[in-house]
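Before any comments, here is the structure.
Start at 1 with the first residue, then count along the sequence.
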Amino acid sequence: MKRKMFEQGRAMNTVFIQIRCKPGKTYAVADEIALRETYAELHSTSGDWDLLLKLYIPDGEDTGRYINEYILDIDGIDRTHTIITFKAF
């Protein structure tokens, strides 16, 4: 499944996902996320998580289903932590 993240004219919800990858898989996971074109930003990080992903999910979409269909099926992901935001200041 491939979909452009920014759909013109639709309200979007901002979601951040911290991703822990299996050992040696961080770059492969990042490459696969980049190929899917479903993200706004993707950063490598230090600490307990390897990647930080920022998504804009169209308003009205089921956030859990969206993440499961577009992100969590990527081989090499060990664990994720999802942060749903309410308002940007």
Side-chain angles (χ1 to χ4, degrees):
M1 293 182 157
K2 213 174 189 186
R3 183 192 313 183
K4 290 281 186 189
M5 189 71 246
F6 302 101
E7 296 180 23
Q8 191 166 353
R10 288 190 73 181
M12 299 286 189
N13 298 308
T14 305
V15 175
F16 291 90
I17 303 174
Q18 294 174 299
I19 301 170
R20 181 177 301 139
C21 301
K22 294 178 182 171
K25 296 293 185 178
T26 301
Y27 284 97
V29 170
D31 288 344
E32 180 61 28
I33 291 170
L35 288 173
R36 293 181 181 210
E37 300 179 359
T38 58
Y39 69 100
E41 296 177 31
L42 179 61
H43 302 271
S44 61
T45 60
S46 64
D48 292 334
W49 304 94
D50 301 304
L51 299 169
L52 177 64
L53 175 65
K54 180 180 181 181
L55 298 175
Y56 292 113
I57 298 177
D59 194 33
E61 291 269 349
D62 180 323
T63 299
R65 182 180 303 269
Y66 193 93
I67 293 168
N68 281 328
E69 290 178 358
Y70 294 102
I71 303 299
L72 296 184
D73 66 336
I74 295 173
D75 186 46
I77 292 177
D78 183 47
R79 184 176 174 88
T80 62
H81 178 78
T82 302
I83 302 162
I84 299 173
T85 65
F86 300 111
K87 180 177 174 85
F89 296 96

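A side-chain donor-acceptor contact under 3.5 Å links Thr85 to the backbone of Thr14. Of the possible donor and acceptor atoms, one in the side chain of Asp50 sits under 3.5 Å from a partner among the backbone N and O of Cys21.
Arg20 contributes atom CZ, which lies 6.0 Å from atom CG of Asp48 (distance to the nearest 0.5 angstrom). Leu35 contributes atom CG, which lies 9.0 Å from atom CD1 of Ile74 (distance to the nearest 0.5 angstrom). If you take NZ on Lys54 and NE2 on His43, they are separated by 8.0 Å, rounding to the nearest 0.5 Å. The CD atom of Glu69 lies 11.5 Å from the OG1 atom of Thr38; values are rounded to the nearest 0.5 Å. Here Ile77 contributes atom CD1 and Glu32 contributes atom CD; the two are 9.0 Å apart, rounded to the nearest 0.5 Å. Distance check: Asp75 CG to Lys22 NZ gives 6.0 Å after rounding to the nearest 0.5 Å.
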Would you sort out whether Asn13 and Asp59 count as a side-chain contact (heavy atoms from CB on, under 4.5 Å), showing the intermediate values? CA-CA 6 Å; Asn13 298 308; Asp59 194 33; 3.5 Å; yes
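When hydrophobic clusters are built by joining Ile, Leu, Val, Met, Phe, Trp and Tyr residues whose side-chain heavy atoms come closer than 4.5 Å, directly or via intermediates, Tyr66 is grouped together with Ile19. Clustering ILVMFWY residues whenever any of their side-chain heavy atoms sit less than 4.5 angstrom apart, transitively, puts Leu72 in a cluster other than the one holding Phe16.
Take Leu42 and apply the side chain to side chain contact (heavy atoms under 4.5 Å, CB included) test, not counting sequence neighbours, and it matches Ala30, Ile33, Tyr39, Leu51, Leu53. The side chain to side chain contact (heavy atoms under 4.5 Å, CB included) check on Thr63 picks up Val15, Ile57, Ile67, Ile84, with sequence neighbours excluded.
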